[in-house]
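Data block below; observations after.
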Amino acid sequence: MHPMLNIAVRAARSAGNVIARSFEQSDKIEVEAKGLNDLVTNVDKQAEQIIIDTILKSYPEHSIVSEERGVIAGSNADYQWIIDPLDGTTNFIKGIPHFAVSIALKYKGKLDQAVIYDPIRGELFTASRGKGAQLNNSRIRVSNMKEINGSVLATGFPFKQKASADAYLNMFKDLFTKTADMRRAGSAALDLAYVAAGRVDGFFELGLKPWDTAAGELLVIEAGGLVTDFNGGTNHAKSGNTVAANARVLKQLLTDIRPHLTPSMINR
Ligand code: IPD
Ligand code: CA
Ligand code: CA
């Protein structure tokens with residue numbers, strides 16, 4: 001295993017253990033509102049601190065972008081870690097056991113290492129650039145579904161961006177009528193890990209942040225899939241509008257998404 005992936009795994013497991021323990025003691029969870037429908041807990045922050053400490057102990061010069069702490073500029077900007085300490089905070093708060101730790105490393109602007117850890121199921125998804133993707137050390141691949149008809153897609157609702165509700169629901173309707181079914185499980189990181197593992201045939205969501213998708217993107221690519229924005233381009237890390245699937249399903253997803261793009265989605 002790449003030494004930096006090894007550190008990422010150690011950080012994800014330590015943070016995940018704290019999250020899983022806190023989940024059992026829900027009376028101690030302190031919830032705070034960051035924005036509209038956007039919550040954070042003391043556990044998000046505790047998990048984040050563990051991850052940052054673990055990384056900086058081994059690589060004190062590296063840079064970090066983390067959801068709750070923001071940017072920590074290191075002396076070496078070639079290495080940038082992108083961290084979501086707890087993806088699926090709403091599930092965590094509601095007692096729904098579906099959330100994950102997501103850690104990615106970019107080297108010179110390219111995704112290089114990725115870990116998504118589900119501490120409830122003990123599922124560790126890992127990827128290293130050019131080396132494939134694994135679930136608990138076994139190789140995973142995206143599904144080989146050839147079309148949307150009969151597929152199961154994962155998605156997320158734009159709950160922080162309700163002005164996009166109409167556009168989103170129109171995309172959803174066009175896709176849903178073709179699919180076998182849809183899942184809205186509540187963790188974009190796990191949605192992408194599940195695309196990588198072939199558990200779902202595709203994923204789309206708008207308005208995501210880099211820490212929601214960085215690790216999941218490398219997992220999907222290393223599992224043989226593609227990740228794009230809603231125009232089929234590479235602007236998803238900026239716009240947050242993200243589609244993931246194998247090449248054939250992705251093409252069809254974009255065809256059904258395209259008619260419903262608003263001007264701001266086309267320009268981004
Ligand atoms: C959220 C989850 C959710 C997605 C949201 C994200 P958080 O992350 O990934 O599935 O729909 O857009 O913000 O806030 O729980 O880390
Ligand atoms: Ca997140
Ligand atoms: Ca989070």
Side-chain angles (χ1 to χ4, degrees), residues 11-12 15-16 18-20 22-23 29-52 64-71 81-104 114-120 125 153-165 167-169 171-172 182-196 199-200 202-220 227 229-230 236-244 265:
V18 166
I19 293 169
S22 309
F23 187 66
I29 301 172
E30 297 158 23
V31 183
E32 211 183 297
K34 284 194 283 188
L36 179 68
N37 303 323
D38 196 3
L39 303 172
V40 62
T41 74
N42 55 325
V43 182
D44 294 69
K45 292 179 187 170
Q46 207 185 329
E48 182 174 61
Q49 195 58 52
I50 291 167
I51 298 165
I52 292 173
I64 291 176
V65 181
S66 184
E67 179 173 12
E68 315 304 340
R69 278 274 297 276
V71 175
W81 295 81
I82 305 168
I83 301 165
D84 191 336
L86 174 42
D87 186 65
T89 294
T90 303
N91 281 347
F92 179 77
I93 292 168
K94 300 301 275 182
I96 300 168
H98 186 81
F99 39 76
V101 178
S102 174
I103 303 174
V115 178
I116 294 177
Y117 180 54
D118 171 346
I120 298 295
F125 298 86
L153 301 179
T155 186
F157 303 139
F159 64 100
K160 290 176 217 162
Q161 228 179 297
K162 294 209 172 149
S164 304
Y168 173 79
L169 289 171
M171 294 170 192
F172 183 94
M182 293 267 202
R183 294 288 178 269
R184 194 301 184 240
S187 160
L190 285 177
D191 291 339
L192 287 163
Y194 284 18
V195 171
R199 291 177 175 175
V200 290
F203 166 72
F204 71 104
E205 180 163 347
L206 55 88
L208 290 167
K209 298 289 184 200
W211 43 81
D212 297 317
T213 56
E217 176 173 348
L218 187 63
L219 275 159
V220 171
V227 180
D229 61 24
F230 283 1
H236 45 288
K238 277 209 184 92
S239 68
N241 302 333
T242 308
V243 191
M265 293 173 191

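Ligands are counted one by one from 1 in listed order, and the atoms in each one are counted from 1 as well. Only heavy atoms go into these numbers, but all of them, side chains included; no hydrogens, no water, no symmetry mates.
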Please work out whether any backbone atom (N, CA, C, O) or any side-chain heavy atom from C-beta onward of [X] is under 4.0 Å from ligand 1, and answer side chain, backbone, both or neither.
X	result
Lys209	neither
Trp211	neither
Asn91	neither
His98	neither

How many angstroms lie between [atom1] in [X] and [atom2] in [Y], if you round to the nearest 0.5 Å?
X	Y	atom1	atom2	value
Ile83	Arg69	CD1	CZ	9.0 Å
Phe172	Phe157	CZ	CZ	5.5 Å
Asn37	Lys160	CG	NZ	9.0 Å
Asp229	Leu206	CG	CG	12.0 Å
Asp118	Leu190	CG	CG	5.5 Å

Against heavy atoms of [X], which atoms of ligand 1 measure under 4.0 Å?
X	answer
Asp84	16 (O)
Glu67	16 (O)
Ser187	9 (O), 10 (O)
Thr89	15 (O)
Gly186	2 (C), 3 (C), 10 (O)
Leu86	16 (O)
Glu205	4 (C), 5 (C), 11 (O), 12 (O)
Gly88	7 (P), 15 (O), 16 (O)

Could you tell me whether [X] and ligand 1 have an N or O pair separated by under 3.5 Å?
X	answer
Lys160	yes
Gly156	no
Ala189	no
Phe157	no
Thr90	no

| request: Could you tell me whether the side chain of Asn91 and the main chain of Phe99 form a donor-acceptor pair under 3.5 Å? | output: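 No, Asn91 side chain to Phe99 backbone: no donor-acceptor pair under 3.5 Å.
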
| query | Between Thr90 (side chain) and Gly88 (backbone), is there a donor-acceptor pair under 3.5 Å? | reply |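 It does not hold such a pair.
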
| said: Can you confirm whether the side chains of Ser102 and Asp87 place a donor and an acceptor under 3.5 Å from each other? | reply: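 Distance-only check fails for Ser102 and Asp87.
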
| query | Which of these, Leu218, Asp84, Asp191, Leu208, sits in a side-chain contact (heavy atoms from CB on, under 4.5 Å) with Thr213? | reply |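 Of Leu218, Asp84, Asp191, Leu208, side-chain contact (heavy atoms from CB on, under 4.5 Å) with Thr213 is met by Leu208 alone.
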
| Which residue from Ile93, Asp212, Val40 reaches closest to atom 6 (C) of ligand 1 through any of its heavy atoms? |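 Of the listed residues, Asp212 has the closest heavy atom.
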
| query | Is it true that Tyr168 and Phe204 have ring centroids separated by less than 6.0 Å? | reply |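 They qualify: ring centres under 6.0 Å apart.
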
| said: Could you walk me through whether Glu32 and Lys45 satisfy the side chain to side chain contact (heavy atoms under 4.5 Å, CB included) test, starting with their C-alpha distance in whole Å, then the side-chain angles of each, then the deciding distance to 0.1 Å, before giving a yes or no? | reply: CA-CA 11 Å; Glu32 211 183 297; Lys45 292 179 187 170; 3.2 Å; yes

Looking only at non-hydrogen atoms, find the nearest pair between [X] and [Y] and report the distance.
X	Y	result
Thr41	Asp44	OG1-OD1, 2.6 Å
His236	Asn241	CB-O, 3.4 Å
Ala100	Pro119	CA-CD, 4.3 Å

| Number of protein N/O/S atoms that sit closer than 3.0 Å to the Ca ion (ligand 2) |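 For the Ca ion (ligand 2), protein nitrogen, oxygen or sulfur atoms under 3.0 Å: 3.
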
| message | Can you list everything that forms a salt bridge (charged side-chain N to carboxylate O under 4.0 Å, His left out) with Glu68? Sequence neighbours excluded, please. | response |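 Partners of Glu68 by the salt bridge (charged side-chain N to carboxylate O under 4.0 Å, His left out) criterion, ordered by chain and then number, come out as Lys34.
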
| query | Among protein heavy atoms, which sits nearest to atom 8 (O) of ligand 1, and what does the distance come to when rounded to 0.1 Å? | reply |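 Looking at atom 8 (O) of ligand 1, the protein heavy atom closest to it is Asp87 OD1, 3.0 Å.
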
| field | Flag side-chain contact, heavy atom, 4.5 Å: Ile29 against Phe92 | value |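 Yes, close enough: below the 4.5 Å cut-off.
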
| field | Phe159 to ligand 1, any heavy atom closer than 4.0 Å | value |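 Checking ligand 1 against Phe159, which is what was asked, there is a heavy-atom contact under 4.0 Å.
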
